Amino acid sequence: MKREQKKNIENIEKLIQEKKKIPKNVKDKINARVFENMVFAAIILVYIVALNIGMGNIPTDTYIMDLKVFSILLLVVSIIIFELGYKKDNALLWLHGVEVLVIRNFYIIFNLFLFNVLCNL
């Protein structure tokens with residue numbers, strides 16, 4: 001009786017281990033999406049670091065003008081990404097458009113507001 005129970009438990013454990021394994025094609029899709037998001041995050045990081053370096057090295061009036069230009073540029077880029085996502089019916093592209101728009105809103109427009117308030121003091 002104990003041997004049968006032990007064999008049943010071993011068989012169940014083997015089945016569980018087989019079910020836990022992710023198929024190779026699914027694993028490749030996951031890795032591709034992770035790599036794409038890491039590249040996108042690296043681009044965003046380089047962009048924000050460049051703006052922060054410019055904040056210290058560029059005169060204030062010129063920096064404010066640069067922020068306005070970058071804000072308009074990112075708005076155009078996000079609209080293009082939205083349109084591509086809509087035409088291709090690709091939710092991932094649409095989400096990247098949202099990310100670009102959020103970066104534009106939270107970082108650049110906040111910096112514009114901050115610099116305009118500080119310059120008027």
Side-chain angles (χ1 to χ4, degrees):
M1 190 77 151
K2 286 186 177 184
R3 274 193 171 169
E4 290 178 18
Q5 287 178 344
K6 195 171 189 179
K7 281 185 180 182
N8 286 338
I9 291 173
E10 289 175 1
N11 289 337
I12 291 173
E13 287 176 354
K14 287 179 185 178
L15 286 173
I16 290 173
Q17 290 300 323
E18 288 177 12
K19 295 287 182 181
K20 281 186 178 180
K21 291 183 183 178
I22 298 175
K24 183 165 174 43
N25 60 350
V26 173
K27 198 181 263 188
D28 290 342
K29 285 181 183 180
I30 291 171
N31 288 338
R33 177 121 354 130
V34 167
F35 179 73
E36 178 183 333
N37 286 330
M38 289 182 72
V39 168
F40 194 70
I43 291 169
I44 291 170
L45 186 65
V46 167
Y47 179 73
I48 290 175
V49 166
L51 285 179
N52 283 336
I53 289 172
M55 186 185 323
N57 297 332
I58 299 174
T60 304
D61 295 335
T62 308
Y63 185 70
I64 290 173
M65 182 58 74
D66 289 347
L67 283 177
K68 290 177 183 178
V69 169
F70 289 141
S71 177
I72 292 170
L73 180 69
L74 279 179
L75 180 64
V76 169
V77 167
S78 66
I79 289 171
I80 289 171
I81 292 173
F82 279 134
E83 288 296 322
L84 287 174
Y86 178 73
K87 286 182 182 178
K88 293 182 178 183
D89 196 28
N90 188 343
L92 187 63
L93 270 177
W94 188 82
L95 287 174
H96 284 314
V98 170
E99 288 173 347
V100 170
L101 194 61
V102 166
I103 289 167
R104 176 189 169 269
N105 285 335
F106 285 121
Y107 188 77
I108 293 180
I109 293 177
F110 177 74
N111 273 348
L112 275 172
F113 174 74
L114 185 66
F115 269 90
N116 283 329
V117 168
L118 290 177
C119 289
N120 291 331
L121 290 179

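Please read all numbers here as calculations on a predicted model, not as lab measurements.
- I48 and M55 fall within a single hydrophobic cluster, where Ile, Leu, Val, Met, Phe, Trp and Tyr side chains are chained together by heavy-atom contacts under 4.5 Å.
- Grouped with I22 in one hydrophobic cluster are V26, I30, V34, M38, the linkage being side-chain heavy-atom contacts under 4.5 Å among Ile, Leu, Val, Met, Phe, Trp and Tyr residues.
- Atom CG of N57 is separated from atom OH of Y63 by 10.5 Å, given to the nearest 0.5 angstrom.
- Exactly one of L75, V76, I81 qualifies for a side-chain contact (heavy atoms from CB on, under 4.5 Å) with S78. That residue is L75.
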> After noting the C-alpha distance and the side-chain angles of Y86 and L93, does the key distance pass the side chain to side chain contact (heavy atoms under 4.5 Å, CB included) rule?
Replying inline: CA-CA 8 Å; Y86 178 73; L93 270 177; over 6 Å; no
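- In this structure the side chain of I16 reaches within 4.5 angstrom of the side chain of I12, judged on heavy atoms.
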>> Is there a side chain to side chain contact (heavy atoms under 4.5 Å, CB included) between V49 and I53? Walk through the geometry before answering.
In response: CA-CA 6 Å; V49 166; I53 289 172; 3.9 Å; yes
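- Separation of atoms NE2 (H96) and CG (N90) is listed at 8.5 Å; rounding is to 0.5 Å.
- Sorted by first and then second residue, the salt bridge (Lys or Arg N to Asp or Glu O under 4.0 Å) pairs with a member in residues 28-53 read K24-D28; sequence neighbours excluded.
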>> Applying side chain to side chain contact (heavy atoms under 4.5 Å, CB included) to L101 and L74, what does each step give before you reach the verdict?
In response: CA-CA 7 Å; L101 194 61; L74 279 179; over 6 Å; no
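- F40 and Y47 fall within a single hydrophobic cluster, where Ile, Leu, Val, Met, Phe, Trp and Tyr side chains are chained together by heavy-atom contacts under 4.5 Å.
- Atom CG of L95 and atom CZ of F82 lie 9.0 Å apart (nearest 0.5 Å).
- Residues F35 and N31 form no side-chain contact, since every pair of their non-hydrogen atoms from C-beta on lies 4.5 Å or further apart.
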